[in-house]
Enquirer: 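Encoded as structure tokens, here's the structure I'll be asking about.
Below, chains carry the letters A, B, ... as their sequence lines are ordered, and counting in each starts from 1.
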Amino acid sequence: MKKDDRFVKQITPKSADFSKWYLEMIRKAELADYAPMKGMMVIRPYGYAIWENIQRLLDERIKKTGHSNAYFPLFIPESFLQKETEHLKGFSPEVAWVTVGGSEELEERLAVRPTSEAIIGNMYSKWIKSWRDLPVLINQWANIVRWEKVTRPFLRTTEFLWQEGHTAHGTEQEAVDETMMILDLYKEFVETELAIPVVSGKKSEMERFAGASDTYAIEALMSDGKALQMGTSHFLGQHFSEVFNIRYEDKEQNLQYVWQTSWGVSTRLVGALIMSHGDDSGLRLPPNVAPIQVIIVPISIGNWKEDVLPAAKDIERELLQLGLRVKIDDREEFTPGWKFSEWEMRGVPLRIEIGPRDIKNKHVISVRRDTLEKEQIPFSELSERIPLVLQDIQNSLFESALKFQTENTHDVQTYDEFQKIMDSQRGFIKVFWCGEPLCERKIKDETMATIRIVLPEDPHDKKEGHCILCGKDSNKRVLFAKAY
RNA sequence: CGGGGAGUGGCGCAGCCUGGUUAGCGCGCCUGCUUUGGGAGCAGGAAGUCGUCGGUUCGAAUCCGAUCUCCCCGACCA
């Protein structure tokens with residue numbers, strides 16, 4: 001769409017300045033606002049409603065796979081964090097500390113949780129005694145604080161909301177299986193509900209979670225060619241069970257350390273929604289998580305409150321009965337045209353226009369946000385048609401994001417090509433890598449790209465090749481990208 | 001954390017260099033009337049003490065210092 005043809009004129013087009021567009025979207029669509037303290041934001045009702053939908057849809061899946069929710073304290077004694085050396089090293093630069101309670105200096109500082117492995121490890125050591133106590137499958141929805149130097153709304157904030165699962169198992173295999181099951185669950189969830197295609201795989205050593213044996217992640221390509229980590233699933237091995245002494249007696253009466261996992265996704269997903277689907281006119285929210293799925297705009301002409309509004313309300317009632325999230329915009333102070341633009345900018349998937357002409361002809365005009373296509377739907381077919389259209393929008397948002405991802409995943413042969421792509425349109429770059437952190441480091445220094453994931457084996461792909469940088473023989477296919 | 005830019009009614013900005021009466025403009029907001037099928041028009045009105053603290057000066061949005069916050073680039077970052 002040419003700039004001049006855009007109906008929505010109050011925002012910087014995404015194509016003109018991606019970063020500015022992103023920040024404007026958040027504020028103009030009223031997803032969030034800056035709080036007065038550095039790096040902190042207020043999630044406003046419209047943004048929070050998206051998070052609530054994410055929570056609900058993910059929570060269902062977490063419970064369906066046998067996990068239960070619980071809640072652990074916000075504060076963690078310093079000594080707990082210190083137990084796992086790598087964990088401490090990884091997090092200490094960004095921990096916020098409580099040193100005073102009321103007017104009294106604390107004997108031991110308390111960390112505001114940057115993640116909960118330590119406090120949960122401590123509790124698990126009390127709860128787990130026998131093989132009969134296993135597995136422990138607990139999830140918590142919580143807030144997290146990390147004192148980040150550079151922050152961006154939703155993508156990296158000082159305080160954020162997330163879900164963190166923490167499980168303990170009797171065997172290594174069981175914990176590994178859990179790690180992978182959750183990774184798949186995340187992938188399915190994000191692709192189905194957020195309509196964002198992701199790639200999943202293991203993290204390189206450099207990107208591994210502090211204290212984990214292995215970290216797996218789902219990564220998505222944003223429409224500016226940068227990758228965003230959307231969720232992680234960690235196989236913790238016995239690192240935490242050893243230091244927190246989480247042991248159980250097995251059937252043979254041997255004391256064994258448990259095997260653990262932890263995994264999480266955060267409010268960052270809201271940022272991902274904005275960046276993957278948004279366009280020059282604003283947000284394009286997938287129906288499954290959109291706070292409002294259908295906005296009904298009555299055409300306010302003449303005696304519209306008596307002629308048009310009742311019909312609009314009938315339609316609202318009918319759609320509500322289908323379980324849809326519907327709203328009528330009956331504000332008198334705005335013209336229909338204004339409302340069209342407003343809801344377009346805010347990303348509502350489907351708009352229904354109804355005016356005197358439509359009532360006479362017993363149909364409505366529906367306009368889908370993703371394509372801006374208009375369609376006449378007879379009153380009698382609304383209940384049947386609207387859910388289908390919404391599903392189609394959900395699907396086509398995914399398809400177009402997938403197309404973008406495919407078109408921007410480059411299979412390159414030379415480092416020269418690699419550098420050229422990173423200097424221009426970016427995207428995912430698929431190459432062989434020798435496994436040396438030194439090569440990874442050098443590539444990062446020269447191109448800003450990091451290994452997002454080590455690709456799982458794919459029967460369609462070559463198995464052997466040469467490291468893109470040093471040329472050594474390699475059987476590791478990896479995905480490089482510039483990360484958020 | 002380093003380099004650069006910026007904070008002036010709700011939003012976007014001008015004024016600052018070369019201190020000087022009531023700090024302007026557009027959008028938005030309020031009231032009224034006319035309107036309403038892709039961001040309506042006219043008339044009237046309200047709202048800022050110039051991020052914050054301190055300094056220079058007869059006088060500071062304007063000069064100086066500190067500090068907070070935001071943006072961009074980099075360093076760092078489950």
Enquirer: Which whole-number value in Å describes the distance from A:Trp338 CH2 to B:G37 P?
Expert: 14 Å
Enquirer: So which protein N/O to nucleotides 74-77 of chain B N/O distances come out below 3.5 Å?
Expert:
{"residue": "B:C76", "atom": "OP1", "partner": "A:Arg441", "partner atom": "NH2", "Å": "3.0"}
{"residue": "B:C77", "atom": "O2'", "partner": "A:Glu94", "partner atom": "OE1", "Å": "3.2"}
{"residue": "B:C77", "atom": "O2", "partner": "A:Arg156", "partner atom": "NE", "Å": "3.0"}
{"residue": "B:C77", "atom": "O2", "partner": "A:Arg156", "partner atom": "NH2", "Å": "2.7"}

Enquirer: Between B:C64 and B:U69, how many Å separate the two P atoms, rounded to a whole number?
Expert: 23 Å
Enquirer: Contact class for A:His234 (heavy atom, under 4.0 Å): base, sugar-phosphate, or nothing?
Expert: sugar-phosphate
Enquirer: Heavy-atom distance under 4.5 Å between the side chains of A:Ile182 and A:Tyr216, does that happen here?
Expert: no
Enquirer: Would you indicate whether the side-chain heavy atoms of A:Val294 and A:Leu390 approach each other to under 4.5 Å?
Expert: yes
Enquirer: Would a 4.5 Å heavy-atom cut-off, applied to side chains only, mark A:Thr215 and A:Glu207 as touching?
Expert: no
Enquirer: Which residues within residues 199-214 of chain A lie with some heavy atom under 4.0 Å of an atom in RNA chain B?
Expert: A:Arg208, A:Phe209, A:Ala210
Enquirer: Less than 4.5 Å apart, any side-chain heavy atom of A:His169 and any of A:Glu178?
Expert: yes
Enquirer: Please produce a list of atom pairs where a protein N or O lies less than 3.5 Å from an N or O of nucleotides 66-71 of chain B.
Expert:
{"residue": "B:U69", "atom": "OP1", "partner": "A:Lys38", "partner atom": "N", "Å": "3.3"}
{"residue": "B:C70", "atom": "OP1", "partner": "A:Gly39", "partner atom": "N", "Å": "2.7"}
{"residue": "B:C70", "atom": "O3'", "partner": "A:Tyr34", "partner atom": "OH", "Å": "3.3"}
{"residue": "B:C71", "atom": "OP1", "partner": "A:Tyr34", "partner atom": "OH", "Å": "2.8"}

Enquirer: Answer whether the closest heavy-atom distance between the side chains of A:Ile429 and A:Ile421 falls below 4.5 Å.
Expert: yes
Enquirer: Could you state the CZ-C1' distance from A:Phe340 to B:G38, rounded to the nearest angstrom?
Expert: 6 Å
Enquirer: Does A:Glu94 have any salt bridge (charged side-chain N to carboxylate O under 4.0 Å, His left out) partners at least two apart in sequence or in another chain, and if so, which?
Expert: none
Enquirer: Which pairs, protein N/O on one side and nucleotides 25-36 of chain B N/O on the other, fall under 3.5 Å?
Expert:
{"residue": "B:U36", "atom": "O2'", "partner": "A:Ser300", "partner atom": "O", "Å": "2.7"}
{"residue": "B:U36", "atom": "N1", "partner": "A:Ser300", "partner atom": "O", "Å": "3.1"}
{"residue": "B:U36", "atom": "O2", "partner": "A:Ser300", "partner atom": "OG", "Å": "3.2"}

Enquirer: For B:G38, does the base pair up with any side-chain atom of A:Arg351 as donor and acceptor (N or O, under 3.5 Å, distance only)?
Expert: yes
Enquirer: If I take atom NZ in residue A:Lys339 and atom P in nucleotide B:A40, what distance separates them, rounded to the nearest angstrom?
Expert: 11 Å
Enquirer: A:Lys20 NZ to B:G12 P: how many Å, rounded?
Expert: 9 Å
Enquirer: Roughly how many Å apart are B:C30 and B:G37, using the C1' atom of each and rounding to a whole number?
Expert: 28 Å
Enquirer: Check step by step if salt bridge (Lys or Arg N to Asp or Glu O under 4.0 Å) holds for A:Lys313 and A:Glu316.
Expert: CA-CA 5 Å; A:Lys313 286 196 168 150; A:Glu316 180 190 34; over 6 Å; no
Enquirer: Would you call A:Arg368 and A:Glu375 a salt bridge, taking side-chain N to carboxylate O under 4.0 Å as the test?
Expert: no
Enquirer: Round to a whole Å and report the spacing from CD1 of A:Ile365 to P of B:G38.
Expert: 12 Å
Enquirer: Between A:Glu219 and A:Lys203, is there a salt bridge with N-O shorter than 4.0 Å?
Expert: yes
Enquirer: Considering only NZ, NE, NH1 and NH2 on the basic side and carboxylate oxygens on the acidic side, decide whether A:Glu353 and A:Arg351 come within less than 4.0 Å.
Expert: yes
Enquirer: Rounded off to whole Å, could you give me the CZ-to-P distance for the A:Arg44 and B:C11 pair?
Expert: 11 Å
Enquirer: Give me the distances for all protein-to-nucleotides 51-53 of chain B N/O pairs that come in under 3.5 Å?
Expert:
none

Enquirer: Who are the ring pair (Phe, Tyr, Trp, His ring centres under 6.0 Å) partners of A:Trp147, not counting sequence neighbours?
Expert: none
Enquirer: Suppose you measure atom C1' in B:C42 against the same atom in B:C16; what distance do you get, rounded to whole Å?
Expert: 37 Å
Enquirer: Sequence neighbours left out, what passes side-chain hydrogen bond (donor to acceptor under 3.5 Å, both in side chains) with A:Asp423? Give chain and number order.
Expert: none
Enquirer: In which stems does RNA chain B show up, taking only runs of three or more Watson-Crick or G-U wobble pairs whose two distances fall under 3.5 Å?
Expert: B:1-7 with B:68-74, B:10-13 with B:24-27, B:29-34 with B:40-45, B:51-55 with B:63-67
Enquirer: Which value, in whole Å, describes the distance between the C1' atoms of nucleotides B:A14 and B:C1?
Expert: 35 Å
Enquirer: Please tell me if the side chains of A:Leu285 and A:Pro291 come closer than 4.5 Å, counting only heavy atoms from C-beta onward.
Expert: yes
Enquirer: With sugar-phosphate meaning primed atoms plus P, OP1 and OP2, does A:Phe160 contact a base, only sugar-phosphate, or nothing at under 4.0 Å between heavy atoms?
Expert: base
Enquirer: Mind checking what makes side-chain hydrogen bond (donor to acceptor under 3.5 Å, both in side chains) contact with A:Lys187, not counting sequence neighbours?
Expert: A:Glu191
Enquirer: Could you tabulate the donor-acceptor pairs under 3.5 Å formed by side-chain atoms of residues 297-305 of chain A, not counting sequence neighbours?
Expert:
{"residue": "A:Asn303", "atom": "ND2", "partner": "A:Glu306", "partner atom": "OE1", "Å": "3.2"}
{"residue": "A:Lys305", "atom": "NZ", "partner": "A:Glu332", "partner atom": "OE2", "Å": "2.7"}

Enquirer: Is there a salt bridge (Lys or Arg N to Asp or Glu O under 4.0 Å) between A:Arg441 and A:Glu446 once you walk through the steps?
Expert: CA-CA 9 Å; A:Arg441 180 82 231 179; A:Glu446 291 176 0; over 6 Å; no
Enquirer: Using the P atom on both, measure B:C25 against B:G15 and round to a whole Å.
Expert: 15 Å
Enquirer: Would you please test A:Arg27 and A:Asp33 for salt bridge (Lys or Arg N to Asp or Glu O under 4.0 Å) and show each step?
Expert: CA-CA 6 Å; A:Arg27 304 237 269 159; A:Asp33 199 1; 3.1 Å; yes
Enquirer: Thinking salt bridges, do A:Asp370 and A:Arg284 make one under a 4.0 Å N-O criterion?
Expert: no
Enquirer: Taking the P atom in each of B:C68 and B:U52, what is the distance between them to the nearest angstrom?
Expert: 15 Å
Enquirer: Any salt bridge linking A:Arg369 with A:Asp279? Criterion: basic side-chain nitrogen under 4.0 Å from a carboxylate oxygen.
Expert: yes
Enquirer: Who passes side-chain hydrogen bond (donor to acceptor under 3.5 Å, both in side chains) against A:Glu148, sequence neighbours left out?
Expert: none
Enquirer: With rounding to whole Å, what would you report as the distance between B:U8 and B:C53 at their P atoms?
Expert: 16 Å
Enquirer: How far, in whole Å, is B:G55 from B:G44 if one measures between their C1' atoms?
Expert: 45 Å
